Amino acid sequence: MSTVMGFDFGTKSIGIAVGQSITGSANPLTSVKAQDGIPNWDDIGKLINEWKPDLLVIGLPLNMDGTEQEMTQRARKFANRLNGRFGVKIATQDERLTTADAKARLFELGGFKALTKGQVDAVSAVLIVESYFENQYGA
């Protein structure tokens, strides 16, 4: 069984979720504020120390046709910094449509009141982890 921590990278906010490979599911943890894509690394370090993930999965924002964009490179850089700082193995996961899916899921659970930016980012991270599991294990 492995613990996977997922990240929905953004320049102002980074959503974070944690999942278990045995269940193929994830739960939202939080979102951390970022300044131009740079988070408070101590906040992320505390979460990594608490959850001790075996793998960090970072959402890769691609254009709808699958090509890369500026945010794709920034997300890769963030992934490499996570690996360099914390020494945890990283993987990237196509995140196309996760924000829309996260909003739909939150709306089902709590209506418009559930659609706060931090919650959307954290649920987007859940969807990144779950889609990673689906790709890995065919769940």
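Please read these numbers as outputs of a predicted model, since none were measured by experiment. Residue numbers count from 1 along this sequence. Basis for what follows: all heavy atoms, side chains included, without hydrogens, waters or symmetry-related copies.
Between atom OG of residue Ser21 and atom CG of residue Leu55 there is a gap of 9.5 Å, rounded to the nearest 0.5 Å. To the nearest 0.5 Å, atoms OG (Ser31) and CD1 (Ile14) are separated by 9.5 Å. Atom CG of Asp8 sits about 5.0 Å away from atom CD of Glu95, to the nearest 0.5 Å. Here the CD atom belonging to Glu130 is positioned 12.5 Å from the CG atom belonging to Asn135, to the nearest 0.5 angstrom. Here Gln93 contributes atom CD and Glu134 contributes atom CD; the two are 8.5 Å apart, rounded to the nearest 0.5 Å.
Within the structure, the ring-ring contact (aromatic ring centres under 6.0 Å, His included) test picks out the following pairs touching residues 4-33 (sequence neighbours left out): Phe7-Phe78, Phe9-Phe78. Counting only residues at least two apart or on different chains, the salt bridge (charged side-chain N to carboxylate O under 4.0 Å, His left out) pairs with a member in residues 70-91 are Asp36-Arg74, Glu68-Arg76, Glu70-Arg74. Sorted pairs that involve residues 16-28 and meet salt bridge (charged side-chain N to carboxylate O under 4.0 Å, His left out), not counting sequence neighbours, are lacking altogether.
Thr3 and Trp51 make their closest contact through CG2-O, 3.9 Å (heavy atoms, listed as atom of the first residue, atom of the second, distance). When all heavy atoms of Ala34 and Gly10 are compared, the pair lying nearest together is CB-O, 4.1 Å. In terms of heavy atoms, Gly6 sits closest to Ala125 at O-CB, 3.7 Å.
Inter-residue side-chain proximity for Gln69 and Pro61 is flagged as met; some heavy-atom pair is nearer than 4.5 Å. Contact check for Leu60 versus Asp94: no side-chain heavy atoms found under the 4.5 Å cut-off.
The side-chain hydrogen bond (donor to acceptor under 3.5 Å, both in side chains) check on Thr11 picks up nothing, with sequence neighbours excluded. Every residue meeting the side-chain contact (heavy atoms from CB on, under 4.5 Å) condition with Asn83, not counting sequence neighbours, appears here in chain and number order: Ile90.
Counting heavy atoms of neighbouring residues, nucleotides and ligands inside a 6.0 Å radius, atom CD of Gln35 does not exceed 12 of them.
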Distance-only donor-acceptor hits, side chain of residues 39-49, under 3.5 Å, sequence neighbours excluded:
from, atom 1, to, atom 2, distance (Å)
Asn40, OD1, Asp42, N, 2.9
Asn40, OD1, Asp43, N, 3.4
Asn49, ND2, Gly45, O, 3.3

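Looking at Gln20 and Ser2, their side chains never bring a donor and an acceptor atom within 3.5 Å of each other.
Using a 4.5 Å cut-off between side-chain heavy atoms of Ile, Leu, Val, Met, Phe, Trp and Tyr, with links allowed through other members, Ile58 and Ile128 fall into different hydrophobic clusters. When hydrophobic clusters are built by joining Ile, Leu, Val, Met, Phe, Trp and Tyr residues whose side-chain heavy atoms come closer than 4.5 Å, directly or via intermediates, Val18 is grouped together with Leu82.
Under the side-chain contact (heavy atoms from CB on, under 4.5 Å) test applied with Ile16, the options Leu56, Val129, Val32, Val126 reduce to a single match, Val32.
Side chain of Asn63 to main chain of Asp65: no donor-acceptor pair is present (N/O by atom type, distance under 3.5 Å, no hydrogens or angles).
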